[in-house]
Amino acid sequence: DRNDLDLGVERLADARKEREPSEAGRRSGERGEQKRGKSDAEPLRQAIGLYQQVVAATSRAQSPLDWADYEVNLGNALAVLTDYDKDQSHLADALAAYMAASEVITLDRSISKWQQLRIGMSTTLLMQALGSFDKSKAVEAKRVAEETRDALAAKGASVDFFTAYLPQVDKVIALFP
């Protein structure tokens with residue numbers, strides 16, 4: 001139901017807002033006073049539940065782009081949830097949602113959506129690497145980012161993001177033996 005989706009988006013926005021620095025924190029350059037815990041994530045958990053319902057209720061065959069967008073939003077929310085409860089399984093679930101969306105969101109269908117999807121995949125793999133101390137996940141994150149950069153360059157699209165991102169991925173990889 002569209003109203004449930006709107007409510008889910010609103011709850012996700014509320015959860016993200018809670019993580020933003022306070023006005024005083026922005027002025028002083030520090031994050032605002034924040035308590036992190038499972039209760040803080042309740043709006044996010046509700047949004048995830050709604051996204052799961054919307055994905056299940058949306059026909060992939062009849063509305064493939066909407067369905068894929070909901071999968072991406074679900075993946076994004078699951079990845080953020082890991083910040084709250086440190087449960088690495090959310091990252092695997094986020095990657096599963098991104099992979100499902102990647103069956104519909106292709107470079108030829110939408111360059112910008114495909115780029116954002118691939119950035120989400122790479123970033124989530126990097127989060128997995130850091131959370132599980134698994135170098136292979138960081139190497140996979142780099143592979144995804146390089147493939148994305150190369151495909152975008154072949155289409156004549158901007159690769160500025162990757163010029164900054166890939167050296168950061170290399171720094172993460174260098175942390176591992």
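In this chain, residues are counted from 1 in sequence order.
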Q: To the nearest 0.5 Å, what is the distance between OG1 on Thr106 and CD1 on Ile111?
A: 10.0 Å
Q: Between Leu78 and Leu44, is there shared hydrophobic-cluster membership here, with clusters defined by ILVMFWY side-chain heavy atoms closer than 4.5 Å?
A: yes
Q: Working to the nearest 0.5 angstrom, can you tell me the gap between Gln53 CD and Leu74 CG?
A: 11.5 Å
Q: Any heavy-atom pair between the side chains of Leu175 and Leu130 that's under 4.5 Å?
A: yes
Q: Between Thr148 and Ser122, is any pair of side-chain heavy atoms under 4.5 Å apart?
A: no
Q: Answer yes or no: is there a side-chain heavy-atom contact under 4.5 Å between Gln115 and Leu107?
A: no
Q: Between Ile173, Val144, Val172, which is the residue that forms a side chain to side chain contact (heavy atoms under 4.5 Å, CB included) with Leu126?
A: Val172
Q: Hey, what do you get for CD1 (Ile105) to CD (Gln116), rounding to the nearest 0.5 Å?
A: 10.5 Å
Q: So how far is it from Leu95 CG to His90 NE2, rounded to the nearest 0.5 Å?
A: 13.5 Å
Q: Please assess Arg60 against Glu103 for the test side chain to side chain contact (heavy atoms under 4.5 Å, CB included), listing each intermediate value before the final yes or no.
A: CA-CA 11 Å; Arg60 179 178 168 182; Glu103 295 172 9; 2.8 Å; yes
Q: OH/Tyr98 to OG1/Thr124 distance, rounded to the nearest 0.5 angstrom?
A: 4.0 Å
Q: What pairs with Gln88 under side-chain contact (heavy atoms from CB on, under 4.5 Å), at least two apart in sequence or on another chain?
A: Thr82, Leu91
Q: Is the shortest side-chain heavy-atom distance between Trp114 and Leu152 below 4.5 Å?
A: yes
Q: Quick test of your reading: applying salt bridge (Lys or Arg N to Asp or Glu O under 4.0 Å), list the pairs with at least one residue in residues 111-130, sequence neighbours left out, ordered by first then second residue.
A: Asp69-Lys113, Arg118-Glu147
Q: Ignoring hydrogens, what is the shortest heavy-atom contact between Gly75 and Ala94? Give both atom names and the distance.
A: O-CB, 3.3 Å
Q: Which value, rounded to the nearest 0.5 Å, describes the distance between Leu50 atom CG and Arg45 atom CZ?
A: 14.0 Å
Q: For Lys155, which residues count as a salt bridge (Lys or Arg N to Asp or Glu O under 4.0 Å) partner, sequence neighbours excluded?
A: Asp108
Q: May I have all residue pairs that pass side-chain hydrogen bond (donor to acceptor under 3.5 Å, both in side chains) and include part of residues 168-177, sequence neighbours excluded?
A: Lys142-Asp170
Q: Going only through I, L, V, M, F, W and Y residues with side-chain contacts under 4.5 Å, is there a path from Leu81 to Leu125?
A: no
Q: Taking side-chain contact (heavy atoms from CB on, under 4.5 Å) as the test, write out the residues that go with Ser158, two or more places apart.
A: Asp160
Q: Not counting sequence neighbours, list each pair that qualifies as a salt bridge (Lys or Arg N to Asp or Glu O under 4.0 Å) and has a residue in residues 131-141.
A: Glu140-Arg143
Q: Can you list every ring-ring contact (aromatic ring centres under 6.0 Å, His included) pair that touches residues 115-163, not counting sequence neighbours?
A: Phe161-Tyr165
Q: By side chain to side chain donor-acceptor pair (under 3.5 Å), which residues pair with Ser89, not counting sequence neighbours?
A: Asp87
Q: Do Asn73 and Val55 come within less than 4.5 Å of each other through their side chains, counting heavy atoms only?
A: no
Q: Please identify each residue that fulfils side-chain contact (heavy atoms from CB on, under 4.5 Å) with Ser59, with sequence neighbours left out.
A: Ala61, Gln62
Q: Taking only residues two or more places apart in sequence, or in another chain, which ones meet Ala96 in a side-chain contact (heavy atoms from CB on, under 4.5 Å)?
A: none
Q: If you group Ile, Leu, Val, Met, Phe, Trp and Tyr by side-chain heavy-atom gaps below 4.5 Å, do Met99 and Val104 land in one group?
A: no
